[in-house]
Amino acid sequence: MSTNLQSSPICKLLLLFILQCIIITTTVAQAPAPAPSGPTNITKILEKAGQFTTLIRLFKLTQVGDQINTQLNNSNQGMTVFAPTDNAFSALKAGTLNSLSDQQKVQLLQFHVLPQYLTTSQFQTISNPLRTQAGDSASNKFPLNITSSGNQVNVTTGVMDTTVSNTLYTDGSLAVYQVDQVLLPMSMFGPQSPAPAPAPAKKKKSGADDDTPATDDSSPSADASGAVGFGGLVRVLIVGSVGVIVFIALSCL
């Protein structure tokens with residue numbers, strides 16, 4: 001009986017099916033779970049790296065972090081981010097961040113973002129100054145210069161110098177590099193241009209409307225000379241009249 005069951009086609013198919021189920025179940029159990037896929041998020045990258053709480057807070061406050069994520073996930077344009085550590089922000093002069101307007105805080109963070117993906121090897125061939133998300137790269141605005149010597153990458157802004165101390169993240173579209181100083185742009189932290197000198201006061205022209213009293217000299221003023229001329233004429237008339245009267249009186253004697 002048992003021999004007939006084992007040799008029957010139905011039993012063979014049933015055994016084959018059971019063996020295939022065992023093999024498939026074992027294979028699925030051993031296969032690793034797929035990595036969770038999702039949009040790139042600069043905040044999560046910095047949170048995973050640690051020691052970037054101040055930068056994360058500023059990214060959220062200014063919404064620059066959302067702008068980075070949106071640009072990365074909705075375009076083919078790569079980006080490079082220089083991330084100052086918490087110690088870098090602590091090293092700033094007390095009250096520096098609070099002294100900045102909301103717009104200046106946005107520009108400060110955008111100054112740490114390049115609108116292109118750069119590997120450390122590409123730092124050796126780039127042309128300076130680099131244009132950041134902050135905009136104008138003129139020498140008195142937002143210039144960012146990067147030079148590379150061996151494995152060391154130097155970053156300078158005209159106000160400060162620092163080096164890239166670590167690569168936090170790179171995926172071919174986004175590169176995040178750690179820097180140990182906050183990148184300070186010239187337009188905010190550079191020497192201020194001296195205020196223009198005030199225009200010299202115009203000299204008041206002398207004339208009839210000048211209230212300045214005339215200097216005291218021997219020359220009579222216009223009014224005084226007029227008065228003198230009129231008084232002399234009156235005296236001449238009086239003397240002349242008296243002379244006529246005297247002449248007539250003497251003629252009558």
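From a predicted model like this one, the values you see are computed outputs, not experimental measurements.
Within the structure, the side-chain hydrogen bond (donor to acceptor under 3.5 Å, both in side chains) test picks out the following pairs touching residues 126-136 (sequence neighbours left out): Q71-Q133. Sequence neighbours left out, the pairs with a member in residues 79-88 that pass side-chain hydrogen bond (donor to acceptor under 3.5 Å, both in side chains) are T53-D86, T54-D86.
Counting all heavy atoms, side chain and backbone alike, V179 lies closest to A88 at O-CB, 4.5 Å. The shortest non-hydrogen separation linking Q122 to Y117 is OE1-O, 3.4 Å. Shortest non-hydrogen contact noted between Q107 and A134 is O-CB, 3.7 Å.
L174 contributes atom CG, which lies 9.0 Å from atom CG of N69 (distance to the nearest 0.5 angstrom). Atom CG of N151 is separated from atom OG1 of T163 by 12.0 Å, given to the nearest 0.5 angstrom. For the atom pair CD of Q104 and CZ of F189, the computed distance is 7.5 Å after rounding to the nearest 0.5 Å. The distance from atom CG of L183 to atom CZ of F111, rounded to the nearest 0.5 Å, is 6.0 Å. Atom CD of Q181 is separated from atom CG of L92 by 9.0 Å, given to the nearest 0.5 angstrom. From T147, atom OG1 reaches atom CG of N154 across 4.0 Å, with rounding to the nearest 0.5 Å.
A 4.5 Å side-chain heavy-atom check between L130 and Q116 finds at least one atom pair inside the cut-off. Side-chain contact between P185 and T157: absent, with no pair of heavy atoms (C-beta onward) separated by less than 4.5 Å. I42 places none of its side-chain heavy atoms less than 4.5 Å from the side chain of L72. Residues F82 and L114 form a side-chain contact, since some pair of their non-hydrogen atoms from C-beta on lies under 4.5 Å apart. Put simply, the side chain of L109 reaches to within 4.5 Å of the side chain of L55, judged on heavy atoms. Two residues are said to be in side-chain contact when any heavy atoms from C-beta on lie closer than 4.5 Å; L46 and V176 meet this criterion. The shortest distance between side-chain heavy atoms of T40 and K44 does not fall below 4.5 Å. Here the side chains of Q178 and P84 are not in contact, with every heavy-atom distance at 4.5 Å or above.
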> Can L118 and I126 be said to form a side-chain contact (heavy atoms from CB on, under 4.5 Å), step by step?
Replying inline: CA-CA 9 Å; L118 293 175; I126 56 176; 4.1 Å; yes

> Could you walk me through whether T170 and Y177 pass the side-chain contact (heavy atoms from CB on, under 4.5 Å) check?
Replying inline: CA-CA 9 Å; T170 179; Y177 299 106; 5.5 Å; no

> Is there a side-chain contact (heavy atoms from CB on, under 4.5 Å) between L97 and L108 once you walk through the steps?
Replying inline: CA-CA 10 Å; L97 293 178; L108 176 63; 4.0 Å; yes

>> Please determine whether side-chain contact (heavy atoms from CB on, under 4.5 Å) holds for the pair L184 and T96, giving the CA-CA distance in whole Å, both sets of side-chain angles, and the decisive distance to 0.1 Å.
In response: CA-CA 11 Å; L184 305 177; T96 297; 5.6 Å; no

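Remark: D102 CG is loosely packed, at most 12 non-hydrogen atoms of other residues, nucleotides or ligands lying under 6.0 Å away. Summarising the local packing, NZ of K141 is surrounded by 12 or fewer heavy atoms from other residues, nucleotides or ligands at distances under 6.0 Å.
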Distance-only donor-acceptor pairs under 3.5 Å for side chains of residues 59-68, two or more places apart:
{"unit_1": "T62", "atom_1": "OG1", "unit_2": "L58", "atom_2": "O", "d": "2.7"}
{"unit_1": "T62", "atom_1": "OG1", "unit_2": "V64", "atom_2": "N", "d": "3.4"}

